[in-house]
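Here's the structure we're looking at; comments come further down.
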Amino acid sequence: MVAPFDLDSLNPQQREAVMWPGGPLQIFAGAGSGKTRVITYRIARLIQDGVNPSRILAVTFTNKAAKEMRERLESLLGGKVRSLWLGTFHSLCARMLRIDGEKIGLSPEFVIYDDGEQLAIVKDILKRMAIDEKSLQPRAALNEISRAKEQMLDPTKYEEQASGYLQRMVAGIYPEYQTRLARANALDFDDILYHAVRLLERAPEVLEKYQDRFMHVLIDEYQDVNFTQYRFAQLISAKHRNITIVGDDDQSIYAWRGADVSLMLRFSSDHKDAKVITLGQNYRSTKVILQAAADVIQHNRGRAEKELWTENEAGRPISVTEAGTDEEEAMIVADAVLKAVRSGRRKYGEFGVLYRTNAQSRAVEEAFLTMRIPHILVGGQRFYERREIKDILGYLRVILNPLDEASIKRTINTPTRGLGAGSIGLFDEWSRARGLAWWDAIREQSVQSQLPKRALHGLQQFVGLVEEGRDMMQDNSVTEMLEYVMARSGYLDSLKQDRSEDSISRLENLQELVRVTQQYDETADEPSLFGFLEQIALIADTDQIEETGEAVTLMTLHSSKGLEYPVVFLIGMEEGVFPHSRAIGNEIELEEERRLCYVGMTRAREELHLLHSRRRSMYGSANFNRRSRFLDDVDLSESDSLVPQKQPQAPFRDLRQDRTGGYAVTLVETPKPKGPAWKPPFTVGERVQHAKFGIGVVISCSPVKGNDAEVTVAFPGVTGVKKLIQSFAKLETV
């Protein structure tokens, strides 16, 4: 007999949730309130009280969370939980379909198609229906089919309510798409949930079987469920009504993936006798951080009222730092990390850098590479390793060097030009037989004569692009070359026509690449396509440096869900960046942005640093946005800064947005700096020229004897940073 676990370690609210005897239970679990522990203890308590593990269904948001929960249960109960149904919605529904899917015509040997396979089906359907991909992007069609399944709309129901051009077009594709899947005995990702609900709705004996079996149903992260998942939970728990949901409406950040936070808020109306417990004690963050997060989230309307509190210490003041540019912002973060690590106060692994869009990581990555700061990217690839970046750089490489076979193969049919596997095989065969380059093969008349008309036309377009690009190299900037390639190749248009979240993100990344080339053209001594590509190659090479496991984590705010760090830097706190420009003017999307900010702030345990810049170059142009309204929501009267104030700032405007959307403005006098005035010769992030080391970036300036300055500069290509005395170094602003 395993000894009882320690209920005394739980606070009163946690203990009440764990010991609740049965019936509908809704647990509002604030950030850092120990919800995973509560769910685990509740399952363990049920098993200890005699419930067979096989009669418990526990749903988590990720496979990783399921694995960790099972390990915790095994440590509490001695490993006797193998029969427990524990996993994500998708894994549990797939298991159910393999057991009983034949009742609705599904073979238990079905395969699950990935995104690429789904897209290939849609493309083939469009081709056979003679629908031009310019008039209906395959990705847009696939996204619309996904949304239909999330709403439990089969092809017939979807067609009945279809309105507008996109929906009417998709209504003609959806039935054939499902026919193709069925013919292949395949399900897509959405089908797993869709068919599980259909199984329970259409096979009464199966519904009764699972309702009888699962005496208790527990669902984590309930704020992120979509309608299909909600319906599944309703059906499976209807008999015993012992359903426990755990979540936090303030952390619902996946509306773009179909999540509907209102489904959590309606739980108590669906279950009139539901017990509602709020876990309000935060074990993660300091009082200062928690209060700042509460200041932001309280402005959302319609949220469940709750108040987080903590017995943790007050902690350090939140720092709010204004940088001149996004590069300076990145260097300020890098400098703060290095100072803390070199002083022995922190390790690299204790820092998290969060941002709203993937494109923002580029400046931070380059600053960290320059400063030799080990870092990892979560939830995405490094900027220069992203598919769209590599595709476009591949075009530039072919223009520079047509003998680059790998880059030709990457770009010749990207976007699609009709040059499929048959054409590729033809070029390979010809070049290998003669020992000549691919560039020779694709320009050979005897090879071209064997191509279908569409493929030949596509090939001629590609060859023309490369030859025109080579003619442009001498007289055009790298930025002009880049813009030419993105337009002439059709790459940009193909992304613009596909209005999915993925395409929007890829467009943002390409516009960030334009900004990189603009900066290169402005700062390089002798800008050239060769020089730019060499510079990018060197940056990519440094990514391969072996890391010890201690590294700063870089990630989007969406990726940060469920994680925590002693120190968090939240960068890009400006209107149009965060909140995102798409949300401004849309109250529903703005509330989701505010929840995203709340999630980001509550990732911090001990220190929270908020940064914004006066000038940010994004999407190919300079933007001068006011600082984020989320900063205005927070009481920053005692805030700190990561950089010393060189001069008195304008009075701080405490802008608190009330429930009606108005602003109350209060002027608060800013104290004047004490001590003798000293004006540094350069600002952090400024570019300077040195006679020997070339152009570098200022990391810090500090006064030395005689009103001189010690300037710390990072020079790309030079090992380590250089500490220089200005009177001797004679650095000049670039």
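Only a predicted model underlies this, so the values are computations on that prediction, with no experimental measurement involved.
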> By side chain to side chain donor-acceptor pair (under 3.5 Å), which residues pair with Glu575, not counting sequence neighbours?
Replying inline: Arg629
>> Any non-hydrogen side-chain atom of Phe89 less than 4.5 Å from a side-chain atom of Ile192?
In response: no
> Quick one: are Val514 and Met486 in side-chain contact, heavy atoms under 4.5 Å?
Replying inline: yes
>> Would Arg147 and Glu150 count as a salt bridge (charged side-chain N to carboxylate O under 4.0 Å, His left out) here? Give the steps.
In response: CA-CA 5 Å; Arg147 280 190 282 271; Glu150 287 173 357; over 6 Å; no
> Does any non-hydrogen side-chain atom of Arg616 lie less than 4.5 Å from one of Asn625?
Replying inline: no
>> With rounding to the nearest 0.5 angstrom, report the CD to OG distance, Gln450 to Ser423.
In response: 10.0 Å
> Can you name the side chain to side chain donor-acceptor pair (under 3.5 Å) partners of Gln519, sequence neighbours left out?
Replying inline: Arg515
>> Between Asn509 and Arg387, is there a side-chain heavy-atom distance shorter than 4.5 Å?
In response: no
> From Ser559 OG over to Leu554 CG, what is the distance, rounded to the nearest 0.5 angstrom?
Replying inline: 11.0 Å
> Taking all atoms of both residues into account, what is the closest heavy-atom pair of Arg582 and Glu508, and its distance?
Replying inline: NH1-OE2, 3.9 Å
> Run the salt bridge (charged side-chain N to carboxylate O under 4.0 Å, His left out) check on Lys157 and Glu160 step by step: do they pass?
Replying inline: CA-CA 5 Å; Lys157 290 180 180 178; Glu160 289 173 355; over 6 Å; no
>> With heavy-atom distances below 4.5 Å as the criterion, would you say the side chains of Arg417 and Leu459 are in contact?
In response: no
>> Hydrogens and angles aside, do Tyr177 and Asp188 bring a side-chain donor and acceptor to less than 3.5 Å of each other?
In response: yes
> Are any non-hydrogen side-chain atoms of Val485 and Arg488 less than 4.5 angstrom apart?
Replying inline: no
> When rounded to the nearest 0.5 angstrom, what distance separates OG1 in Thr556 from CG in Leu377?
Replying inline: 9.0 Å
> Do the non-hydrogen side-chain atoms of Pro527 and Phe532 ever get within less than 4.5 Å of each other?
Replying inline: no
>> How long is the straight-line distance from OH of Tyr395 back to OG of Ser407, given to the nearest 0.5 Å?
In response: 11.5 Å
> In Å and rounded to the nearest 0.5 Å, what is the NZ to CD distance from Lys134 to Gln497?
Replying inline: 7.0 Å
>> Is the shortest side-chain heavy-atom distance between Tyr174 and Lys149 below 4.5 Å?
In response: yes
>> Under 3.5 Å, is there a donor on one side chain and an acceptor on the other for Arg454 and His457?
In response: no
>> Just to verify, what does Tyr491 make a side chain to side chain donor-acceptor pair (under 3.5 Å) with, not counting sequence neighbours?
In response: Asp391, Arg506
